[in-house]
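This report concerns only the one structure given below.
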Protein chains: 4
Amino acid sequence: MTSSITSPNSEIQLTRGHKKKARTRQALIEAAIHIYSEKGVSELQLNGLAERAGVSNGTIYNYFKTRDEVLHAVGIELADQFSQRITHVSQGIENAVERVAVGIRMFILQGRSDPTWAGAVAGLFQHDQTIQSIVANNLLNDLVLGIKQGQFHIKNKLVAMGLIASATIGAISAILEGLDQADYDSSLAEMLLLALGVRAEQASQIANQALPEKKLEPGPESNVKRGRGRPRKTIGR
Amino acid sequence: MTSSITSPNSEIQLTRGHKKKARTRQALIEAAIHIYSEKGVSELQLNGLAERAGVSNGTIYNYFKTRDEVLHAVGIELADQFSQRITHVSQGIENAVERVAVGIRMFILQGRSDPTWAGAVAGLFQHDQTIQSIVANNLLNDLVLGIKQGQFHIKNKLVAMGLIASATIGAISAILEGLDQADYDSSLAEMLLLALGVRAEQASQIANQALPEKKLEPGPESNVKRGRGRPRKTIGR
Amino acid sequence: MTSSITSPNSEIQLTRGHKKKARTRQALIEAAIHIYSEKGVSELQLNGLAERAGVSNGTIYNYFKTRDEVLHAVGIELADQFSQRITHVSQGIENAVERVAVGIRMFILQGRSDPTWAGAVAGLFQHDQTIQSIVANNLLNDLVLGIKQGQFHIKNKLVAMGLIASATIGAISAILEGLDQADYDSSLAEMLLLALGVRAEQASQIANQALPEKKLEPGPESNVKRGRGRPRKTIGR
Amino acid sequence: MTSSITSPNSEIQLTRGHKKKARTRQALIEAAIHIYSEKGVSELQLNGLAERAGVSNGTIYNYFKTRDEVLHAVGIELADQFSQRITHVSQGIENAVERVAVGIRMFILQGRSDPTWAGAVAGLFQHDQTIQSIVANNLLNDLVLGIKQGQFHIKNKLVAMGLIASATIGAISAILEGLDQADYDSSLAEMLLLALGVRAEQASQIANQALPEKKLEPGPESNVKRGRGRPRKTIGR
DNA sequence: TATGAATGAGTCTTCATTCAT
DNA sequence: TATGAATGAAGACTCATTCAT
């Protein structure tokens, strides 16, 4: 049942009979993330959610007043996790170019190692302001830093930000749809660095250098065995 | 607010009684595009569609067996229009760099001049393989051409393609959400050319040169004369 | 199926295939009135309503946007019918004392001849402003008239109005609960006339004189055969 | 807003640990009375009740097997209180006309001084036989007495009883809805005495004379000391 | 073909009641 | 006894689809 979605300290909670409430809430959010990932954000049905979380439908309403509140809570949670995961790896990196490259690549690599999580994040990105803002903030800081460091040459920061965000999300989506490519992460990172005005050799070098050795995040093997199959037949509801 | 989606001068159509059927079908599709644009693909409700198209709900089922069939037909139509509009503007441009730049910019400019259409296309892009394939085909040809012409230096064509597509769609979405920027089109085009390995000065020059004087929108009567029957060979379903 | 609840001209409608819509709406309202009468206003359940009206539950929503709208519509309808029935019989009576007496008695007699209707009106009286206002208006006019005619001697018209209304509604309720009394109508009318300051002999005479020969209202026999049994076990929902 | 329902000085209660049970039960009933008064009898929800009583929802089921049992207990309690309050004020009054007038006025005055309690009683009156019976018994005795004293001239005692009860309850409801009038109590009492056949001058004099100086509300400790067990013989269920 | 009322399966939501702690 | 999370039956509401006219 544990998955990389579970917050880090959840093992402690699971051992005790206490904190039942927190556990159920977490179970609901995790189940929601799985459903997001498999069927898309707009497909979340409360019956399915309850079943997947192993509770009865009424239980959902002990934690969320309405369906929308569930969606929102999941958004917050994903945004939170996103922020943690990405900032985690770029901690300690001083060079803005490297920070950006590492961020892009790490996120793409999540598309392979934890497709559930990545799929949910990617899917949610279009629908939730919260997660967009978080990405935007992280990115903007690094862009500003890089400009100050004289490494980025950008005419319009907002356009640049949008470019990086949508390209990265797009890459994740492509990978999840089976269009993976060898070195997708470094290829894309290199191109995006070029777009930001980084010199070609530097872009190539930084985009292809080894990633820091930090663990991506708990990420148990269970993430891999889950297929992201079930092709959506219907677009709408 | 002007939109090429709007049916052509209706007097012309009314003169021929026997085109009623085709007209109703077209009215439904156009109404659907409006709804796509305003509320998102997954929000299409058949009652609202009928109302918007000025027919009664039962009438829909004279043209489509099921809701899914409506969605599919709209997808085809949008893909079709997209294809026409884009190929239209790059007709006659020999230089691959220019072709790509013009394509990107023209599409972004639609976000301003015909937001309904652009919004629908952008929204559909995430959900429908058909339209993705069309973009892919157009783009791939130009990329290959540019490589042959020695102007693009790309490691992975598929990655490059995904980059351009998602960045452009992302730009449209941003604009539709009110996050417009002056020179969004040329700024983004320039960055993307850089990403493709075009030299900085050339990228800047081509991305900022005046666009060809072609009208953005094909004449309205083309909406009708384009045969619905013409089977299209697409990669997607 | 027809009942005194049906509006007068409904027979005409029922003969034609046209006006299906109006017929269904009327069927819903009539069914609601029956339920009101049997189970009380707060017990109206949409499933039961649909079943009783012989339509499927979804059909209700073709006529009313929400449960509350059903309640309101029934309130309007009952208030309308109330107004018609009562004003009908007092038409042409010039003397205010007589008008009031006839109104009180007629309404009480409805408690016997059309218990469904009367029960619904009585039950609704506590919950709906609309019907209260209508009663109030009818009554107030007659009180003012009687005062002008020098027959009523009242200190406070509003108190008097409340007295008459609640006493009459209370009588209906008592009758519907099986606590009927011979001459309930004239006994109560006489007491209320006394309360309004009418002289004893006049009160007695007017309260006991024969009622005008007008038919109460369509009132088919089907109204009588329906028992108002099913004692409410539960108070709340 | 002062209310005799409010539990007595809680310090006294806290000194005795062994009365916890009785206190919780009483807290629940008092909370229920507040809810009755504010939202109507049929709106009592067990979650809200628990919250208002300051206990957790499960606790209710330590005192009542079912929601209906709660409603019933509240009914008993209110009827009990009603009986005490009314008999309290008319104690020592020999004249039946005065007894009736005082009863009516006192009850109406509760609508102002203790609207919570009065509202609950009035609301319950329509739904609960118990409280109706208590009123009936009190009233009937006085009516019989008044007839024996030659002061009431009534054709039908039951009709008269119903008239007084419903008129008084109606008055309370009107006041609670904000339709208060100066001298509502004496105005109504006077009219009702007239209805009972009392001569005009006497009715006016008695209905308007000063009320006895008794406190409206029995001492708070009575809330506790009144045995819950005392079986009451009532007509109603 | 067009209409629009009717349908009913499917969803969300509420709330009295149960039960492990 | 007290707690409060969990339960699930039940009710309101939606909407794609059918069908008589």
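Reckoned from all heavy atoms, side chains included, excluding hydrogens, waters and symmetry mates. All chains are named by letter (A, B, ...) in the order of the sequence lines, taking the proteins before the strands, and each is independently numbered beginning at 1.
Residues D/R67 and D/V41 approach most closely at NH2-O, 4.5 Å, considering heavy atoms.
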Worked check of side chain to side chain contact (heavy atoms under 4.5 Å, CB included) between D/R25 and D/F64: CA-CA 9 Å; D/R25 194 192 143 97; D/F64 307 98; 3.5 Å; yes
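The CD1 atom of A/I33 sits 10.5 Å away from the CD1 atom of A/I35 when rounded to the nearest 0.5 Å. Taking CZ of A/R52 as the start and NE2 of A/H34 as the end, the distance is 5.5 Å to the nearest 0.5 Å.
Between the side chains of C/T66 and C/D68, no donor-acceptor pair of N or O atoms lies under 3.5 Å.
Of all nucleotides present, only E/dT3 satisfies the Watson-Crick or G-U wobble test against F/dA20, with each distance under 3.5 Å. Figure legend. E/dG8 is base-paired to F/dC15; pairs are counted as Watson-Crick or G-U wobble with both atom distances under 3.5 Å.
In this structure, the CD atom of A/E51 is 13 Å from the P atom of E/dC12, given to the nearest Å. B/L49 places its CG atom 14 Å from the P atom of E/dA2, with the value rounded to the nearest Å. Rounded to an integer number of Å, the gap from D/Q26 CD to F/dT1 P is 16 Å. Rounded to whole angstrom, the span from the CZ atom of C/F64 across to the C1' atom of E/dA5 amounts to 14 Å. Per the geometry, CG belonging to B/L71 stands 12 Å off C1' belonging to F/dA16, to the nearest Å.
The phosphate of F/dA6 has OP1 or OP2 within less than 4.0 Å of a side-chain N or O from A/Y63.
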Protein heavy-atom contacts under 4.0 Å, written 5' to 3' over nucleotides 7-13 of chain F as B (base), S (sugar-phosphate only) or - (none), form the string BBB-SSB
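Within a 6.0 Å radius of CD in B/E51, other residues, nucleotides and ligands contribute 12 heavy atoms or fewer.
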